[in-house]
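Notes follow the structure.
Side chains included, hydrogens not; waters and symmetry mates left out as well; all remaining heavy atoms used. Chain naming here is simple, since letters A, B, ... match the order of the sequence lines and numbering starts at 1 in each. If you're wondering where the values come from, they're calculated on a predicted model, not measured in any experiment.
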Amino acid sequence: MSIKFKLIKEAKELNSNARLGILKTEHSVIETPVFMPVGTQGTIKGILPKEIESLGFSIILSNAYHLFLRPGHELISKAGGLHRFMGWDKSILTDSGGFQVFSLGKINKINDEGVTFQSYIDGSRHFIGPKQAMEIQMDLGSDIAMVFDQCAPYPATRRETEIAAKRTFQWAKECQKHHFKKTQSLFGIVQGGIYPDLRKENAQQLIDLNFPGYALGGLSVGEPKPLMYEILDEISMILPKQKPKYLMGVGAPESILEAVSRGIDMFDCVLPTRNGRNGSLFTFKGKISITNSKFKKDLTPIDEKCQCYVCNNFTKAYLRHLYIANEMLAPILGTIHNLYFMNNLMIEIRFAIKENRFDSYKKKFLENYCN
RNA sequence: GGGGAGGUACCAAAGUGGCCAAAUGGAGCGGACUGUAGAUCCGUUGGCUGAACGCCUUCGAAGGUUCGAAUCCUUCCCUCCCCA
């Protein structure tokens, strides 16, 4: 089956366009708003698939670009698809590689057919265009595939941004043409940088192509946060109400709250996992750097209110010791805690929307988190 | 007792007349991280000052040579290795 999205509830509050939904795929039922942990190379670094599941996640993100370069999508196809290859039987969303092609390594040539680039691994030359991006993702067998898009950097001139948006639209059409896997749904990606009119035009064109879901790309790439929120204000509401809206690459708890408030349903970000590995741990009072010397003798958990395995069993002093000593358990535990925090945040968000108190929840959270 | 090597910043270790407040590691301290080239990266670590500039005190100790010494000389203290 392709995905099914059902809008359950729209907030009936002032200052909030938050919404609740149910997203069904071949592999799982997902309540939205949802946060998807990132497992670029077919693994969420440092944590077992069964652990991801027990933390409450039923969809993760992986990446066509990386898996194409290594180990190759043909192999994964032979292995029975990415789900089986990586031992994860819930949902997977794959990014097309558009973002990676433009943000990594060396680009040799871009034209309307696609991009010739050099592998960051060995410098070898490769070509990916909309057709290839579809082939790769169909081989991977993800539940949701993304169109191959061109992500303009920040800052970028209006002209550059416009070219990228136009090409993204052209490629979106090509992707549709080459996508024919019934069990996989293909989402469109809206580009247009920080230019509202370009965004709107691009969004409208993509809406006409009737994708089952829409992503906002090219945000959170370095622009000031208020600017990102402005764009969300402008674009989120013109996207079809009955379809999931996905803000790619976001992330930070405060950004998620602001985006949910603007009607976004799906998020993915490396932040909780990467920060977890690097000793930056989320708490409801903000991030802490667990390696700070002030935690050396702190025999309390990371977050008194947290019910995660890490907080139930270990002290800050112990965790700090593991990080300082470079023990491999350190990034593992940091990842578990941060992912638990994110999932818990999403649960609280959904509950607050359900009870028509999302806006006050958001304010209270931000008050604690940002001070 | 004989022969040899050596003492440099928190640790290890370069430097052997001026470009040295002193390379480089490690350790410490701080920061960053947003569709993952990341168990990574950046900054900082003698004192004073607000990262500059500057000034002050440093290369085992004390004296000396020199315009100038971590670097040369003298004496002393200490450590290590080999042979008896």
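Within the 4.0 angstrom heavy-atom criterion, only backbone atoms of the sugar-phosphate kind lie near A:Ile324; the bases stay farther away. Residue contacts shown for A:Gln118 are absent, as no nucleic acid heavy atom lies under 4.0 Å away. Within 4.0 Å (heavy atoms only), A:Ser293 reaches sugar-phosphate atoms of the nucleic acid but no base atom. At the heavy-atom level, A:Lys106 lies nowhere under 4.0 Å from the strands shown. Looking at heavy-atom distances under 4.0 Å, A:Asp149 makes contact with a base.
We find that CD1 of A:Ile60 is positioned 16 Å from P of B:G35, with the value rounded to whole Å. At whole-Å resolution of the value, NZ in A:Lys45 and P in B:U34 are 14 Å apart. Rounded to whole Å, the distance from OH on A:Tyr246 to C1' on B:U34 is 12 Å. As a whole-Å value, the separation of A:Ile144 CD1 from B:G35 C1' is 13 Å.
Atom name P, nucleotides B:A69 and B:G3: the rounded distance is 34 Å, in whole Å.
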Working for ring-ring contact (aromatic ring centres under 6.0 Å, His included), residues A:Phe68 and A:His126 = CA-CA 10 Å; A:Phe68 161 76; A:His126 301 274; 5.5 Å; yes

Begin from the C-alpha positions of A:Glu201 and A:Gln205 and carry the test side chain to side chain contact (heavy atoms under 4.5 Å, CB included) through to its verdict.
-> CA-CA 6 Å; A:Glu201 186 190 351; A:Gln205 290 171 325; 3.9 Å; yes

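Within residues 247-286 of chain A, the residues approaching RNA chain B are A:Met248, A:Gly249, A:Val250, A:Gly251, A:Ala252, A:Asp268, A:Cys269, A:Val270, A:Leu271, A:Thr273, A:Arg274, A:Asn275, A:Arg277, A:Asn278, A:Ser280, by heavy-atom distance under 4.0 Å.
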